[in-house]
Participant: 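Take this structure, written in structure tokens, and hold onto it; I'll ask about it next.
Just so you know, residue 1 is the first one in the sequence shown, and it goes up from there.
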Amino acid sequence: MSDPVIRMERIWTCFGKNVVHRDISLTLGKGEIFGLVGGSGSGKTVLMREMIGLQEPTRGKVYLFGECLQDAAADRHQRLRNRCGVLFQGGALFSALSVFDNIAFPLREFGLFDEELIGHLVRMKLTMVGLTENAGLLMPSELSGGMIKRVALARALVMEPELLFLDEPTSGLDPVLSEEFVDLLSGLHRELGFTVVMVTHDLDTVKDLCTKVGVLADHQLVVCGPVEDALASEHPFARHYFHGKRGHRVFERIG
């Protein structure tokens, strides 16, 4: 059996006397889509940053593709991170670069200078996310919200990652565009088989996309399992989150 893609063992995160995470453990296998939900300030993005090695926990161990990030040498640490793609909240495109150059940026950053190959890879990713080759000529200021998300996804996928991190991927999108983006991501997941960690507040996205859900509350992971586990949880935050008016409407057809 292969190693889990991510394993976190007894993670504590503290900023001074402020405890953000207390004794969190989780395991994610290949191909899972993990949705991380929680209230404002619960540490969702911090936990995701620790998974990818952008931030080190106060205590505990983080394993990425079976290797401990804290014990890895700097070059090995970078190689592990190179197997990951990140879609930042809001897209985080470089405003001074064209769409083409935004998508090409990771390739050039990691030493690929064959412009013919770069062009081929960028065009392939544009097509993959449902954009035309001509979209590569546009500047970020000329893009709609939905196009920004697609370009950001193309950039996150250009290095062919095995693990994809998404920070609020549908924020700022209207319901139609949000549904289109979820359908796009679902199709790419079926085609490419990558693993996904997604911070989200969108219950429709959780229901339609996630194979596993983590609920952060009271500094702990109070739920970590299928969506049905979150729906069955008696924890006050989980009950409020999943069984409030919106939660009832989204999940009413789940047994």
Participant: Is any side-chain heavy atom of Met198 closer than 4.5 Å to a side-chain heavy atom of Pro169?
Facilitator: yes
Participant: If you count every heavy atom of other residues, nucleotides or ligands that lies below 6.0 Å from Glu179 atom CD, does the total exceed 12?
Facilitator: no
Participant: Is it the case that one hydrophobic cluster holds both Leu54 and Leu26, taking links as side-chain heavy atoms less than 4.5 Å apart, direct or via other members?
Facilitator: yes
Participant: Are any side-chain N or O atoms of Thr58 and backbone N or O atoms of Cys14, one a donor and one an acceptor, separated by less than 3.5 Å?
Facilitator: yes
Participant: What's the shortest heavy-atom distance between Ser98 and Met139, and which atoms?
Facilitator: CA-SD, 3.6 Å
Participant: Leu173 and Ser178: which non-hydrogen atoms are nearest, and at how many Å?
Facilitator: CB-N, 3.9 Å
Participant: Are Leu126 and Leu107 co-members of a hydrophobic cluster defined by side-chain heavy atoms under 4.5 Å apart?
Facilitator: yes
Participant: Gly85 and Pro161: which non-hydrogen atoms are nearest, and at how many Å?
Facilitator: N-CB, 3.4 Å
Participant: Just do the side-chain contact (heavy atoms from CB on, under 4.5 Å) check on Tyr63 and Met51 with the steps written out, would you?
Facilitator: CA-CA 8 Å; Tyr63 295 84; Met51 290 178 186; over 6 Å; no
Participant: With a 4.5 Å limit on heavy-atom distance, are the side chains of Glu191 and Leu188 in contact?
Facilitator: yes
Participant: For a side chain to side chain contact (heavy atoms under 4.5 Å, CB included) with Val99, tell me which candidate from Leu143, Val122, Leu137 qualifies.
Facilitator: Leu143
Participant: Under the 3.5 angstrom rule, does the side chain of Thr211 hit a backbone N or O of Ile33 as a donor-acceptor pair?
Facilitator: yes
Participant: Look only at the side chain of Asn102 and the backbone of Leu97, and say whether a donor-acceptor pair between them is shorter than 3.5 Å.
Facilitator: yes
Participant: Roughly how far, to the nearest 0.5 Å, is CD1 of Ile52 from CG of Leu69?
Facilitator: 9.5 Å
Participant: Hey, are the side chains of Val62 and Glu56 touching, using non-hydrogen atoms and a 4.5 Å cut-off?
Facilitator: no
Participant: Does Leu153 belong to the same Ile/Leu/Val/Met/Phe/Trp/Tyr cluster as Met124, with side-chain heavy atoms less than 4.5 Å apart forming each link?
Facilitator: yes
Participant: Indicate yes or no for a side-chain donor-acceptor contact from Ser25 to the backbone of Arg10 under 3.5 Å, with no hydrogens or angles considered.
Facilitator: yes
Participant: Hey, is NE2 on His240 packed in by over 12 heavy atoms from elsewhere, all under 6.0 Å?
Facilitator: no
Participant: Considering only NZ, NE, NH1 and NH2 on the basic side and carboxylate oxygens on the acidic side, decide whether Arg22 and Asp218 come within less than 4.0 Å.
Facilitator: no
Participant: Could you tell me which non-hydrogen atom of Thr200 sits nearest to which non-hydrogen atom of Asp202, and how far apart they are?
Facilitator: OG1-N, 3.0 Å
Participant: To the closest 0.5 Å, what do you measure between CZ (Arg150) and CG (Leu177)?
Facilitator: 8.0 Å
Participant: Mind listing the closest non-hydrogen atom pair of Pro106 and Arg155 along with its distance?
Facilitator: CG-CG, 3.7 Å
Participant: Rounded at 0.5 Å granularity, tell me how far CG in Asp75 sits from CZ in Arg79.
Facilitator: 4.5 Å
Participant: Can you find a pair of side-chain heavy atoms, one from Glu50 and one from Ile11, that are under 4.5 Å apart?
Facilitator: yes
Participant: Walk me through whether Val37 and Leu216 qualify under side-chain contact (heavy atoms from CB on, under 4.5 Å).
Facilitator: CA-CA 6 Å; Val37 304; Leu216 274 172; over 6 Å; no
Participant: Starting from the C-alpha separation in whole Å, work towards a yes-or-no answer on salt bridge (charged side-chain N to carboxylate O under 4.0 Å, His left out) for Arg59 and Asp23.
Facilitator: CA-CA 9 Å; Arg59 299 208 309 262; Asp23 203 25; over 6 Å; no
Participant: Tell me if a side-chain donor or acceptor on Lys212 pairs with a main-chain N or O of Cys224 at a distance below 3.5 Å.
Facilitator: no
Participant: Going by atom types alone, do Gln220 and His21 pair a side-chain donor with an acceptor below 3.5 Å?
Facilitator: no
Participant: Taking the side chain from Tyr241 and the backbone from Val215, do they hold a donor-acceptor pair closer than 3.5 Å?
Facilitator: no
Participant: What do the steps show when you test Ile6 against Leu64 for side-chain contact (heavy atoms from CB on, under 4.5 Å), and what is the final call?
Facilitator: CA-CA 5 Å; Ile6 296 174; Leu64 193 60; 4.0 Å; yes
Participant: Does a donor on one side chain and an acceptor on the other come within less than 3.5 Å for Thr195 and Glu162?
Facilitator: no
Participant: Would you check if the side chain of Lys44 reaches a backbone N or O of Gly39 as a donor-acceptor pair within less than 3.5 Å?
Facilitator: yes
Participant: Where is the tightest heavy-atom contact between Ile103 and Ala154, given as atom of each residue plus distance?
Facilitator: CD1-CB, 3.8 Å
Participant: Got more than 12 heavy atoms from elsewhere within 6.0 Å of CD, Glu133?
Facilitator: no
Participant: Does any non-hydrogen side-chain atom of Phe242 lie less than 4.5 Å from one of Leu203?
Facilitator: yes
Participant: Drop me the distance from Leu221's CG to Leu47's CG, to the nearest 0.5 angstrom.
Facilitator: 7.5 Å
Participant: Can you tell whether the side chains of Arg7 and Glu9 come within less than 4.0 Å, N to carboxylate O?
Facilitator: yes
Participant: Scan for side-chain hydrogen bond (donor to acceptor under 3.5 Å, both in side chains) pairs involving residues 114-132, sequence neighbours excluded, and state none if there are none.
Facilitator: Arg108-Glu115, Lys125-Glu160
Participant: With a 4.5 Å cut-off on side-chain heavy-atom distances among I, L, V, M, F, W and Y, is there a chain of contacts connecting Leu93 to Phe100?
Facilitator: yes
Participant: CE/Met159 to SG/Cys84 distance, rounded to the nearest 0.5 angstrom?
Facilitator: 11.0 Å
Participant: Verify, without hydrogens or angle tests, whether His219 (side chain) and Val19 (backbone) share a donor-acceptor contact under 3.5 angstrom.
Facilitator: yes
Participant: How are the rings of Phe194 and His189 set relative to one another: parallel (under 30°), tilted (30 to 60°) or perpendicular (over 60°)?
Facilitator: perpendicular
Participant: Measure from the side-chain N and O atoms of Glu32 to the backbone N and O of Gly29, and report whether any donor-acceptor pair falls under 3.5 Å.
Facilitator: yes
Participant: With heavy-atom distances below 4.5 Å as the criterion, would you say the side chains of Leu166 and Phe88 are in contact?
Facilitator: no
Participant: Given the rule that I, L, V, M, F, W and Y join up when any side-chain heavy atoms are under 4.5 Å apart, are Leu80 and Leu164 in one cluster?
Facilitator: no
Participant: Atom CZ in Arg76, atom CD in Glu67: separation rounded to 0.5 Å?
Facilitator: 4.0 Å
Participant: Within 45° of the axis and under 6.0 Å from the centre of the six-membered ring of Phe65, does NZ or CZ of Arg83 qualify?
Facilitator: yes
Participant: Do Cys210 and Phe34 touch side chain to side chain, with heavy atoms closer than 4.5 Å?
Facilitator: no
Participant: Apply side-chain contact (heavy atoms from CB on, under 4.5 Å) to the pair His243 and Ser233, showing each step before the final yes or no.
Facilitator: CA-CA 10 Å; His243 296 282; Ser233 173; over 6 Å; no
Participant: Just so I know, are the side chains of Leu87 and Asp167 near enough to count as touching, which here means a heavy-atom distance under 4.5 Å?
Facilitator: no
